[in-house]
Amino acid sequence: MDADIKQRVAKLNPRQQEAVRYIDGPCLVLAGAGSGKTSVITTKIAYLIRECGMSARRIAAVTFTNKAAREMKERVSSMLPGRSGYGLTVSTFHTLGLNIIRAELKRLGYRSGFSLFDPEDAKALLRDLMHKDAQVDADQISRVQSIISNWKNDLVSPGQALSHAETDDDAYAAHVYEAYVRHLKAYNAVDFDDLIYLPAKLFEENEEALAHWRKRIQYMLVDEYQDTNSSQYRLVRLLMGERETFTVVGDDDQSIYAWRGARPENLVQLGEDFPRLKVIKLEQNYRSTALILNAANTLIANNPHVYEKTLWSQMGEGENIRVLVCRNEEAETERVASEILTRRIKLSAKWRDFAVLYRGNFQARLLELKLQHYQIPYKLSGGTSFFSRNEIKDAMAYLRLLINPADDNAFLRIVNVPRREIGPSTIEKLANYASERGVSLFAASGEFGLNQILSEKALKRLEWFCRFIDGVRRRMDQGNAISAIRSMFQEMDYEAWLHQNASAPVVAEKRMQNVWTLVDQLEKSLKPSDEEVAQSDGDITAETDDVEAAISRLVLRDILDQQAEEDDTDRVQLLTMHASKGLEYPHVYIMGLEEDLLPHRNAIESGTVEEERRLAYVGITRARRTLTLTLAKQRKAFGEMMECTPSRFLDELPEEILDWEGRADKEDPEKKFERGASAIAGLRSLLN
DNA sequence: AGGGCTAGGCTTTTT
DNA sequence: GCCTAGCCCT
């Protein structure tokens, strides 16, 4: 039928082919690191469409990151000729949920123009709600926030939480949860967790809605399945139901987000819920040398497994894994920096072929200094994100208020930014009035009854603000929404406000630039670029967004990180092991293989060393050709010099493939005795 | 309304 | 030892 797709499938290895061709029932693909799982997913999508005659509109592929979704979309569309890929859904869980909510607003009891709260907005609301009860304790707010998040992830409603609460703490959290949900609803707002919670609840409670979406989505593919939480699993199960038409791909050994609610046990659960489940293991690795895989396999064998898996490759044996023992953290970074400098020449490699991985972002600081000293170009991933900048939060609040006047959170953030002399006392009176009448702050600001409570001056200023926002809104509706938004920032002279608050003019200018970047991004997502239009026939891309949808997608960080990606200059990559998942580099350094750091102290104390081991496993399996592990004997932590113990993970690696350096010198004999086998291995390697 | 001081806490953070 | 957040003071 389709020669092209037949050829593509034929190029896959037997296991991969099996995974692509198996469509008669539920399918679990256990895909080891570097085993070509993305090829399997993308080929399977093309296979379903081209070979099985399934309409692209009936298929949904779900990932966890925007980046993964984008890459997958690209790869699929390159396999699909003409318009055959039209209507295919490739998105994150959250974007899928957002789209469901947008389509089901009425049934969910929301009005159009709803706001999406990011975790910071949610925290602000919680702070507000909890402020009344006890004295605010940032720590307690965070705790309640995570309890609520866990409840939502487990599809526990406020009522259920309340009735199941055992401790006073739980009861209090449940009480806050109830108020929180009520307020979100009043603000016509949803939070990140709601993007899964609301659709899943809707499908559980409303047959009609469920039937509609079951018709719409007939086959699902889920990437990184080990990272799904309960609600995401429920959502998939509800949608696919008895039809059992899904493929999930995952690797329990790469589950490193359990602390965030991911349930790797969903992999096992799947076998219980779907007895017909076909389990296919992908064990051939196309990335790393045999020695690197040997290290990875041996390490992870220390974890319990439901499904055993051993990676192998035909990439050659490769070099031994080096372990650099350094005097302290300063020497460690020095060592890494100078190594990269010399090895780049020796191996005639590019800067970008090197990656330095670490457990915590703080470890990057010293390294940065060293790299700067040697003038090594580097790219640091992570750090303060674009969206946590104040000017961006302000701008987002303006956008949200324009779309959703009921968004009190947004109103509060910007009603007096820039300064409009609308102070706390005015706001308090307004808030009282609004809550008595059960209307939003914005709506209340325009009401007549206010003149009883507010001074004439205060009233004027409020009215002026509302007229201003209304005016912008009107211009948005009439014509070019983006130009209305641009002139809004100009008219209120937001830049002048930034200048007042900045330490230097350049800082303010930079911040204003950030705001314009945000607006540009918004514009871009509204009208697809020429390039996108050109490839869009055959391509997936969705409906043209309206401003409202575009703003939501902005909150989901969809559009922004595209920019960062485009920056593909030749630089050494610095990233946490968490951030490294899914990536690969010819030469990898992992720093800080010490007890209390990797595995992290808190993990040791809370008994979650297994996840730390998986984290190390993820780090190791990023390496294609060479792997170097470093550790310090001493390290400054919490302002104090601490003696470090080498990580237990080093002991778990096969000693014969490790080359130790710098370990001979006067190690105290008792320690040597304690550390037994690996110490002897170290000595042996020195003798060789 | 804004700035400075003090106390606490200190992993990871796909959306 | 350093950073951040929140509170208090001017």
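Letters A, B, ... are given to chains in the order of the sequence lines, protein chains preceding strands, and every chain is numbered from 1.
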Pick base, sugar-phosphate or nothing for [X], based on heavy-atom distances below 4.0 Å to the nucleic acid.
{"X": "D118(A)", "value": "nothing"}
{"X": "Y257(A)", "value": "base"}
{"X": "E612(A)", "value": "base"}

dT15(B) base to R553(A) side chain: any donor-acceptor pair below 3.5 Å? no
Taking only side-chain nitrogens and oxygens of [X], does any of them come within less than 4.0 Å of OP1 or OP2 of [N]?
{"X": "N361(A)", "N": "dT11(B)", "result": "no"}
{"X": "T576(A)", "N": "dT13(B)", "result": "yes"}
{"X": "N66(A)", "N": "dT15(B)", "result": "yes"}
{"X": "N602(A)", "N": "dC10(B)", "result": "no"}

Decide, applying a 5.5 Å centre-distance limit and a 30° plane-angle limit (both strict), whether F64(A) stacks on dT15(B). no
For H578(A) and dT12(B), do the ring centres fall under 5.5 Å apart while the planes stay under 30° apart? no
Spacing between [X] atom [atom1] and [N] atom [atom2], to the nearest angstrom:
{"X": "M577(A)", "N": "dT11(B)", "atom1": "CE", "atom2": "C1'", "answer": "10 Å"}
{"X": "F93(A)", "N": "dT14(B)", "atom1": "CZ", "atom2": "P", "answer": "17 Å"}
{"X": "D596(A)", "N": "dC10(B)", "atom1": "CG", "atom2": "P", "answer": "15 Å"}
{"X": "N153(A)", "N": "dT14(B)", "atom1": "CG", "atom2": "P", "answer": "15 Å"}
{"X": "Q363(A)", "N": "dG1(C)", "atom1": "CD", "atom2": "P", "answer": "19 Å"}
{"X": "R601(A)", "N": "dT11(B)", "atom1": "CZ", "atom2": "C1'", "answer": "13 Å"}
{"X": "L195(A)", "N": "dT15(B)", "atom1": "CG", "atom2": "P", "answer": "12 Å"}
{"X": "D121(A)", "N": "dT15(B)", "atom1": "CG", "atom2": "C1'", "answer": "14 Å"}

I need the single residue from D193(A), N229(A), D154(A) that forms a side chain to side chain donor-acceptor pair (under 3.5 Å) with S149(A). Which is it? D193(A)
dT4(C) -> Watson-Crick or G-U wobble partner, both distances under 3.5 Å, gives dA7(B)
Counting only side-chain heavy atoms from C-beta out, which of [options] sits nearest to [X]?
{"X": "D227(A)", "options": "dT11(B), dT14(B), dA1(B)", "value": "dT14(B)"}
{"X": "R359(A)", "options": "dA1(B), dT15(B), dT12(B)", "value": "dT12(B)"}
{"X": "H94(A)", "options": "dT12(B), dC3(C), dT15(B)", "value": "dT15(B)"}
{"X": "R127(A)", "options": "dT13(B), dG6(C), dT14(B)", "value": "dG6(C)"}

Does G360(A) or I422(A) map to a spot on DNA chain B nearer the 5' end, using the closest nucleotide for each? I422(A)
Chi class for dT6(B): syn within 90° of 0, otherwise anti: anti
Residues R234(A) and N266(A): side-chain donor-acceptor under 3.5 angstrom: no
Indicate yes or no: at least one non-hydrogen side-chain atom of F649(A) is less than 4.5 angstrom from one of L615(A). no
Nearest-angstrom distance, P atom, dC3(C) to dT12(B): 15 Å
Would E548(A) and R102(A) pass as an ion pair if we require N to O under 4.0 Å? yes
Going by the angle between their ring planes, with limits at 30° and 60°, are F117(A) and Y187(A) parallel, tilted or perpendicular? tilted
Is the ring pair Y257(A)/H578(A) parallel, tilted or perpendicular, if the boundaries are 30 and 60 degrees? tilted
